[in-house]
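Quick note on labels: first sequence line is chain A, next is B, and so on, each numbered from 1.
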Amino acid sequence: MTHQLTEQEIVRRQKLDQLRAAGINPYPAEEFIINATAADIHENYERDKTNYKDISIAGRIMSVRVMGNASFAEIQDQTGRIQIYVRRDDICPGEDKSMYNTVFKKLLDIGDIIGITGYVFTTQVGEISIHVTSLKLLSKALRPLPIVKTDESGNTFDAVTDPEFRYRQRYADLIINATVKDTFVKRTKMMNAIREHLNNLGLLEVDTPVLQPIPGGAAARPFITHHNALDVPFYLRIANELYLKRLVVGGFDGVYEFSRNFRNEGMDRTHNPEFTVLEFYVAYRDYEWMMKTCETMLEKVALAIHGTTEVPMGDKIINFAAPFKRITLFDAIKEHTGIDVTALNDEELKTAARNLGCNIDNTMGRGKIIDAIFGDKCEGTYVQPTFITDYPVEMSPLTKKHRSKEGLVERFELMVNGKELANAYSELNDPIDQRERFEDQVKLMERGDDEAMYIDHDFLRALEYGMPPTAGIGIGIDRLAMIMTNNASIQDVLFFPQMRPEKWD
RNA sequence: GAUUCCGUAGCUCAGCUGGUAGAGCAUUACACUUUUAAUGUAAGGGCCCUGGGUUCGAAUCCCAGCGGGAUCACCA
């Protein structure tokens with residue numbers, strides 16, 4: 001590739017040569033030991049001044065203000081920023097002033113990574129700063145960093161907001177936009193809170209295959225790949241459900257996995273081709289237990305991140321205080337449309353859905369029509385966490401039939417902020433019923449439903465050995481992260497959201 | 001995939017009904033030993049996304065393409 005160098009890039013390469021000519025390695029190999037961070041100094045210096053007399057800290061230069069023979073600069077480390085004060089005669093005690101006049105003033109740039117030693121003091125204007133006694137270049141930056149300025153009341157100027165720049169060059173986004181890092185720290189805290197909760201319940205974290213011979217456990221178009229040595233196709237997993245249930249058959253009574261799933265479908269602000277779902281399964285439990293477990297866990301997650309159950313999302317406040325509201329699917333539809341699904345036959349239902357403006361085609365069975373009505377007319381209205389329960393059997397091929405309601409299954413979905421956040425059920429463990437459900441899926445596929453499930457014979461074999469009654473759930477981790485970090489786009493909670501590859505010719 | 005908006009200096013953005021480019025920050029030079037969106041003076045920096053078309057003349061108007069955002073469809 002031939003990248004035409006800009007004026008500023010040429011200047012920085014020239015500085016690189018000058019540094020080497022002056023005997024300074026711009027990329028030294030030896031370690032630079034630090035004993036402080038920016039956040040540590042800001043938090044603790046005032047009440048413990050004696051401990052900050054001899055500090056060593058490293059970071060990236062983010063701004064420089066030269067005032068003749070003394071200068072102020074800001075360096076940024078993982079924890080934040082701190083001002084440093086560089087005085088010529090302190091870093092150049094002898095006759096040779098070139099370290100200050102040439103190296104610091106001319107050859108260092110915003111974006112360079114330096115290590116300094118010195119002592120902490122408070123400036124006349126009251127800012128905690130580091131008085132530098134020695135300075136060492138640790139890495140020279142050859143590409144100019146976009147400068148974002150912030151004034152004393154916190155207003156930012158010239159912030160880089162271009163989504164393409166931010167997502168393609170996340171490394172730069174993380175350096176210049178302070179809130180971005182915080183989002184990802186919160187995402188990890190959220191996953192840690194979930195892990196802790198599930199571990200305390202006695203569940204075992206496991207890993208199951210990403211490369212699968214049959215893409216099972218969900219209805220979606222898979223990515224397909226090929227194994228050369230075996231000369232067979234493999235699919236990137238669309239879900240891990242069937243593998244976790246195999247482990248329950250094998251005697252693990254509680255298992256969970258953060259599963260990176262892959263679906264070859266559209267991308268928008270709530271969909272990325274690869275995304276993360278937490279699934280967990282617990283033997284001898286049912287979906288009623290799972291609702292309680294789910295709401296307790298999400299309440300804990302909100303507390304871990306926000307210290308309160310009330311989570312801001314856009315202009316709304318979402319309250320994760322348990323228990324969450326519960327309503328059956330049919331009651332939800334009746335409430336929002338006045339339609340009593342149970343009173344209508346298939347044709348009447350189809351007509352009613354069309355009258356509501358739903359997009360209905362003739363391949364759709366009763367279950368899909370009901371799903372369409374709910375999706376169009378109800379789903380978006382559930383801002384506060386709400387469990388929607390008891391779905392038609394046709395749209396739930398892996399779910400146990402309802403203990404008392406004919407034609408329904410023991411399933412719930414959790415709606416938050418008008419979107420599905422979780423999907424759970426009492427797992428179907430009757431192998432003969434399961435085989436029939438798979439066969440119904442094949443019929444749907446033959447009718448033209450391109451997202452019906454494949455038969456997984458090995459999974460059926462596992463069920464025939466006997467699976468205990470089990471409750472299972474899948475929770476969209478990216479969507480949960482969006483809510484917990486108040487971001488409207490999935491791209492903002494993924495470090496490297498999928499983009500069309502750049503052309504470098 | 002459909003509709004729509006956007007693409008100008010390293011970054012943020014101006015650029016009117018067509019007359020071949022401007023500002024702030026950044027960069028370069030000089031001054032300044034407690035400043036903080038530091039300041040003052042001066043200078044340099046542009047395939048105006050790409051390719052066609054209209055026109056005497058296009059950053060500007062039209063068409064196509066590329067890239068991105070938003071909305072819709074499919075899905076989680």
Report the nucleotide, chosen from [options], that has the shortest atom-to-atom distance to any side-chain atom of [X].
X         : options                   : value
Glu164(A) : rG68(B), rU34(B), rU28(B) : rG68(B)
Arg479(A) : rA76(B), rU34(B), rA26(B) : rA76(B)
Thr161(A) : rC13(B), rG69(B), rU35(B) : rC13(B)
Phe275(A) : rA76(B), rU36(B), rU28(B) : rA76(B)
Pro163(A) : rG68(B), rA26(B), rU34(B) : rG68(B)
Tyr167(A) : rG10(B), rU33(B), rG69(B) : rG69(B)
Lys15(A)  : rU35(B), rA76(B), rU28(B) : rU28(B)

>> Taking the C1' atom in each of rU55(B) and rC6(B), what is the distance between them to the nearest angstrom?
In response: 26 Å
>> Taking the C1' atom in each of rU12(B) and rA26(B), what is the distance between them to the nearest angstrom?
In response: 11 Å
Partners meeting side-chain contact (heavy atoms from CB on, under 4.5 Å) with [X] (sequence neighbours left out):
X         : result
Val393(A) : Lys401(A), Val409(A), Arg437(A)
Thr50(A)  : Asp48(A)
Lys15(A)  : Val11(A), Leu107(A), Asp109(A), Lys140(A)
Asp77(A)  : Thr37(A), Ala38(A), Ile57(A), Thr79(A)

>> With ring pair (Phe, Tyr, Trp, His ring centres under 6.0 Å) as the rule and sequence neighbours excluded, what pairs involving residues 54-111 of chain A come up?
In response: Phe72(A)-Tyr85(A), Tyr85(A)-Phe121(A), Tyr85(A)-His131(A), Tyr100(A)-Phe104(A)
Partner set under salt bridge (charged side-chain N to carboxylate O under 4.0 Å, His left out) for [X], not counting sequence neighbours:
X         : result
Glu127(A) : none
Arg65(A)  : none
Arg269(A) : none

>> Please tell me whether Tyr119(A) and Tyr52(A) form a close aromatic pair, meaning their ring centres lie under 6.0 Å apart.
In response: no
> Between Arg87(A) and Lys106(A), which is nearer to the 5' end of RNA chain B once each is assigned its nearest nucleotide?
Replying inline: Lys106(A)
> Start at the 5' end of RNA chain B and walk down; is the nucleotide closest to Leu421(A) or to Arg168(A) reached first?
Replying inline: Arg168(A)
> Is the closest basic N to carboxylate O distance between Glu265(A) and Arg221(A) below 4.0 Å?
Replying inline: no
Would you mind reading off the distance between [X] atom [atom1] and [N] atom [atom2], rounded to a whole angstrom?
X         : N       : atom1 : atom2 : value
Asn177(A) : rC11(B) : CG    : C1'   : 11 Å
Glu379(A) : rA73(B) : CD    : P     : 11 Å
Ile473(A) : rA76(B) : CD1   : C1'   : 14 Å
Ile176(A) : rA26(B) : CD1   : C1'   : 13 Å

>> Among residues 256-270 of chain A, which ones have heavy-atom contacts with RNA chain B below 4.0 Å?
In response: Arg263(A), Glu265(A), Gly266(A), Asp268(A), Arg269(A), Thr270(A)
>> Can you list, in residue-number order, the parts of residues 492-500 of chain A that come under 4.0 Å of RNA chain B, counting heavy atoms only?
In response: Met499(A), Arg500(A)
> Taking OP1 and OP2 of rG10(B), is either one under 4.0 Å from a side-chain nitrogen or oxygen of Arg143(A)?
Replying inline: no
> Within the structure, does a side-chain N or O atom of Gln83(A) lie under 4.0 Å from either OP1 or OP2 of rU34(B)?
Replying inline: no
Please set out all donor-acceptor pairs under 3.5 angstrom arising from side-chain atoms of residues 370-381 of chain A, sequence neighbours excluded.
from	atom 1	to	atom 2	distance (Å)
Lys377(A)	NZ	Leu356(A)	O	3.2
Thr381(A)	OG1	His336(A)	NE2	3.0
Thr381(A)	OG1	Cys378(A)	O	2.6

>> I'd like to know if the side chain of Glu9(A) reaches the main chain of Thr6(A), judged simply by a donor and an acceptor atom lying under 3.5 Å from each other, with no hydrogens or angles considered.
In response: yes
> Once each nucleotide of nucleotides 37-45 of chain B is scored for protein heavy atoms under 4.0 Å, what B/S/- sequence comes out, 5' to 3'?
Replying inline: BB-----BS
